Amino acid sequence: MSFDSLGLHEALTRALADAGYTTPTPVQTQAVPAALAGLDLMVSANTGSGKTASFVLPALTKVLAARGDGKRRDKGVTYGPRVLVLVPTRELALQVTQAVSNYGRHVQGLRVASIVGGVPYGAQLKALRGPIDMLIATPGRLMDHMASGKAILANVELLVLDEADRMLDMGFIDDIHHIAAALPASRQTLMTSATFGGPVGRMAAELMREPQRIEVASHTEAHADIEQRLHWADDLSHKNALLDHILTERSVEQAVVFTSTQRDADWLADRLAELGHAVASLHGGMPQGRRNRVLEGLRRRHLRVLVATDVAARGIDVPSISHVINYGLPMKAEDYVHRIGRTGRAGRSGLAVTLAERRDVGMIQRIQRFTTQRIPAATIAGLEPQRAEPKPDARPGGFGGRPARPGAGHRPFKPHGRPAGEGGAERRSFDGAPAGPRGPRPFTDGPKARTGKPPMRPRAR
Ligand code: AMP
């Protein structure tokens, strides 16, 4: 995938080449074409994912389109920006402004203004008097300029709400609604936010038309709301016993159990149904109508357990999913991140349990390298593995890196208010040592990592 194939103007691809960027990031690959097609977008991607460019590039495309050939200015001067970007903080305003200057360096005569609080009004008033292509603003100060009639927003074609969740946390909800009401109803709206649950989701529904949801898993993110555990199984029957035990725990509100194949999904769903679980399978081999009915059953809580394959489970957003269980490992490390992201949604905590056999050790290592996090090993009383745990890999990126949750153990897993530790799972680090009261010992934490010394590795036993 190249930037040319995203349909960007030559002035922009040239700037990207100047910056040394050859390939779009996943969020850019998904968001840029959709934004260029004029869709409203809800984008979940973290800082560091390249999300700024994913809206700045389409924004600059709007500016270029208004210029005709991308070089000439409009014949008649248009007052007020074509693009308005609202951001929560001055720092973010600065970053976005820099990104606009960077990616817009070959857009001739590009006029960008930044309107933020805590600085004198003079320069901002001057900027607002002239023609502007893009305005980057924090909501409070923009409201001041609107109140004094200095900010003209009647020509905005694209509204971007960057880090919308933070703006709501900071109390900007009324300001955002007020500002949005002053814009043409025909405008396009792009929103980025870590989550789209609760108030952010409601705001998105009010400000956008049939928005498309784009979710990009950040693979090195700490997943603060998701506790991860690894159970080693001796063989298939041990793995089934572990699964059966976990599913009978009261803390399981709803669970998604992942299998590697469609056949396994059907087989396992039948087996769990025989055991009396309210369960259904979901995979790409099923007709769409049935898939929709299964998902509806999950949402309405008619189902407690869903047995799914990777493709079918992408994008499932059901906040009551308290557990994700990896019964069959994914083919790609990236899919692990998508899988565990089905739980811990909408501000709730979740537990992601991986059941692995010895032959899965390579995949576990690839996942840990990909996420740069260890998955702490755990056992269930009475179901401990008989065989010794596989030895950790000493290769770089093997089992070093951060633990799955920094400081795991500070905040015990509380599935929606129930006591932690139900089910008797004892937490242990991968090398088999008891995890201690503060959770597994981080291997590359603290000052050592900062002194440039090589990270400590767990000793193989
Ligand atoms: P952001 O997630 O928007 O904060 O961007 C993170 C960093 O990645 C910024 O320093 C960008 O300049 C950089 N960046 C954005 N897009 C790309 C790309 N396609 N390739 C390499 N770096 C990029």
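In listed order, ligands and their atoms are each counted from 1. Keep in mind it's a predicted model, so treat the numbers as computed, not measured.
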- Task: Give a yes-or-no answer on whether the side chains of Glu253 and Ser320 include a donor-acceptor pair shorter than 3.5 Å.
- Result: no

- Query: Of the backbone atoms (N, CA, C, O) and the side-chain heavy atoms from C-beta on, which set of Gln28 has a member under 4.0 Å from an atom of ligand 1: side chain, backbone, both, or neither?
  - Reply: side chain

- Item | Atoms in ligand 1 flagged as close to Thr25, the criterion being non-hydrogen separation under 4.0 Å | 17 (C), 18 (C), 19 (N)

- Query: At what distance, to the nearest 0.5 angstrom, does CE of Met203 lie from CE of Met42?
  - Reply: 10.0 Å

- Nearest 0.5 Å, what's the CZ-CD1 distance between Arg111 and Ile132? 9.0 Å

- Message: Does ligand 1 come near enough to Phe3 that some N or O of the ligand is less than 3.5 Å from an N or O of the residue?
- Response: no

- Item | Element-labelled atoms of ligand 1 that are located less than 4.0 Å from some non-hydrogen atom of Thr52 | 1 (P), 3 (O), 4 (O)

- ligand 1-proximal atoms of Asn102, by part, heavy-atom distance under 4.0 Å: neither

- Could you list which atoms of ligand 1 come closer than 4.0 Å to a heavy atom of Lys51? 1 (P), 2 (O), 3 (O)

- Item | Residues Asp264 and Tyr327: side-chain donor-acceptor under 3.5 angstrom | no

- Message: Working note: Thr138 + Val87, criterion side chain to side chain contact (heavy atoms under 4.5 Å, CB included); need CA distance, chi angles, decisive distance, verdict.
- Response: CA-CA 5 Å; Thr138 49; Val87 291; 4.1 Å; yes

- Task: Return the option from Gly50, Gly20, Ala19 holding the heavy atom at the smallest distance from atom 5 (O) of ligand 1.
- Result: Gly50

- Going by heavy atoms, is Tyr103 under 4.0 Å from ligand 1? yes

- Message: If only side-chain N and O atoms count, and only distance matters, is there a donor-acceptor pair under 3.5 Å linking Asn155 with Arg82?
- Response: no

- Ligand-residue contact atoms, ligand 1 with Thr23, heavy atoms, under 4.0 Å: 18 (C), 19 (N), 20 (N)

- Query: For residues Tyr103 and Gln98, is any side-chain donor paired with an opposing acceptor at under 3.5 Å?
  - Reply: no

